[in-house]
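Both ligands and their constituent atoms are indexed starting at 1 by order of listing. Not measured: the values here are computed from a predicted model.
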Amino acid sequence: MNVVHRNKIPPKNWNDWRWQLRNCVRDLAGLEKLLHLTDDERSAVHKLGKRLPLGITPYCAALLDRDDPSQPLRRTLVPSTAEFVRTRGELEDPLGEEQRMPVPGLVHTYPDKVLFLVTDQCAVYCRYCTRARMVGRQGKVSDRARWQRAVDCIAATPAVRDVLISGGEPLILSDDKLEWLLRRLRAIPHVEIIRLSTKVPAVLPQRITRPLVRMLRKYHPLWLSVHFTHPDELTRECGTACARIADAGIPMCSQTVLLKGVNDDADTMKRLMLGLLRFRVKPYYLHQCDAIAGSAHFRTPVATGKELLRSLHGHTTGYAVPAFMLDAPGGGGKVPLSPDYVAGRDGDELVLRNYRGEEYRYRER
Ligand SMILES: *Cc1c(COP(=O)(O)O)cnc(C)c1O
């Protein structure tokens, strides 16, 4: 049972994304009103200090279970003291992003694409955030002078044909600020595609307004990378938001972080991937959870992700199968970790094992 009495909130407010942001749960008092907290959750919120803040939109709060601390979505949004436990190999900046910024906020790891961090604010703060070191700090990340330097750097780098706008959450910027950025990026001749990386359809679907998509569609080819975690996020409101995006001709790909006890079982993963297809979102990446400080309680062995891919491939629509990726610590980039269907070689023959485990042979010459 849930205590956000959304029926008591006028729809005019509930459906207003700015009202949702103004009314985010950000402290212990707000959280106590919402959930029956465990001692562990309570002391974690107490101890947060300057670490990754608490942030839950009323919309998301309405999806949380008041009594069950093991509910998947609750675990991803409500802090636990496990976040303070640092284990071997964990880093504040696991992807070495800070060393790959030609100018502040622009991460250039690969030859022809850049990651542009345009804000450090989010609608909700995921407890497994890869950028926990920098988000929610009210820093100067979205200041115009800083954006302009990044745009100038992209304009001066003809190799860059793909700009991935991320953060933080780019879609909590106003339409005007977003358009300021998009117009300048679109004016650069060598920028072929622009991508926006967002969790808004899952946590603040009210943000996907008609004026927003009307503005976005002026900057085609524009794609959306949408962060989804669990099938519980696939609500009617989320479906409406995705339909609006798809109807504006904006292709959507999903990114999901594999999380222990949240989405690491075959049934949950399949429901999420098939649900995304119904919302016209192509499952893109399943990410091995980065080794950020305090992430041990969320991380699974790599074998789990491979098994999940095996449970999908062949058993359902091929579109539903994402690629399983591990972002190499220190800035090595993403490495695909595919389950192997090649059992070996026998002379000129490749020995294959299909999704049912049956052996087949293919003669190469
Ligand atoms: C993930 C990532 C990208 C985008 O990678 P794709 O595989 O093209 O989606 C770009 N830059 C950085 C630094 C990244 O981490």
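Arg133 has a carboxylate O that lies under 4.0 Å from a charged side-chain N of Glu97, or vice versa, which qualifies the two as a salt bridge. Under a 4.0 Å N-O distance rule, the pair Glu359/Arg361 qualifies as a salt bridge. Ionic pairing of Asp16 and Lys12 is not present here: no N-O contact between side-chain nitrogen and carboxylate oxygen is shorter than 4.0 angstrom.
When each atom of ligand 1 is checked for a heavy atom of Val107 under 4.0 Å away, the hits are 13 (C). Heavy-atom contacts of Tyr285 reach the following atoms of ligand 1: 6 (P), 7 (O), 9 (O) (cutoff under 4.0 Å). Short contacts between ligand 1 and Lys113, defined as distances under 4.0 Å to a heavy atom of the residue, involve ligand atoms 5 (O), 6 (P), 7 (O), 8 (O). Residue Thr109 has at least one heavy-atom neighbour below 4.0 Å for each of these atoms of ligand 1: 13 (C). Within ligand 1, the atoms closer than 4.0 Å to a non-hydrogen atom of Leu164 are 3 (C), 4 (C), numbered from 1 in the order shown.
With sequence neighbours left out, Pro69 forms a side chain to side chain contact (heavy atoms under 4.5 Å, CB included) with Thr38, Glu41, Arg74.
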- Go through the steps to decide whether Thr229 and Lys199 satisfy the test side-chain hydrogen bond (donor to acceptor under 3.5 Å, both in side chains), and finish with yes or no. CA-CA 10 Å; Thr229 303; Lys199 196 172 168 63; 3.2 Å; yes

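The option with the heavy atom closest to atom 6 (P) of ligand 1, from among Tyr110, Trp223, Tyr284, is Tyr284. Counting heavy atoms only, Lys334 comes closest to atom 2 (C) of ligand 1 of the residues His287, Gln255, Lys334.
Heavy-atom separations between Arg195 and ligand 1 include at least one value shorter than 4.0 Å.
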Using atom types as modelled, flag every donor-acceptor pair under 3.5 Å from a side chain in residues 104-113 to any protein atom, sequence neighbours excluded.
unit_1	atom_1	unit_2	atom_2	d
His108	NE2	Tyr110	O	2.9
His108	NE2	Pro111	O	3.2
Tyr110	OH	Lys334	N	2.7
Asp112	OD2	Arg161	NH1	2.7

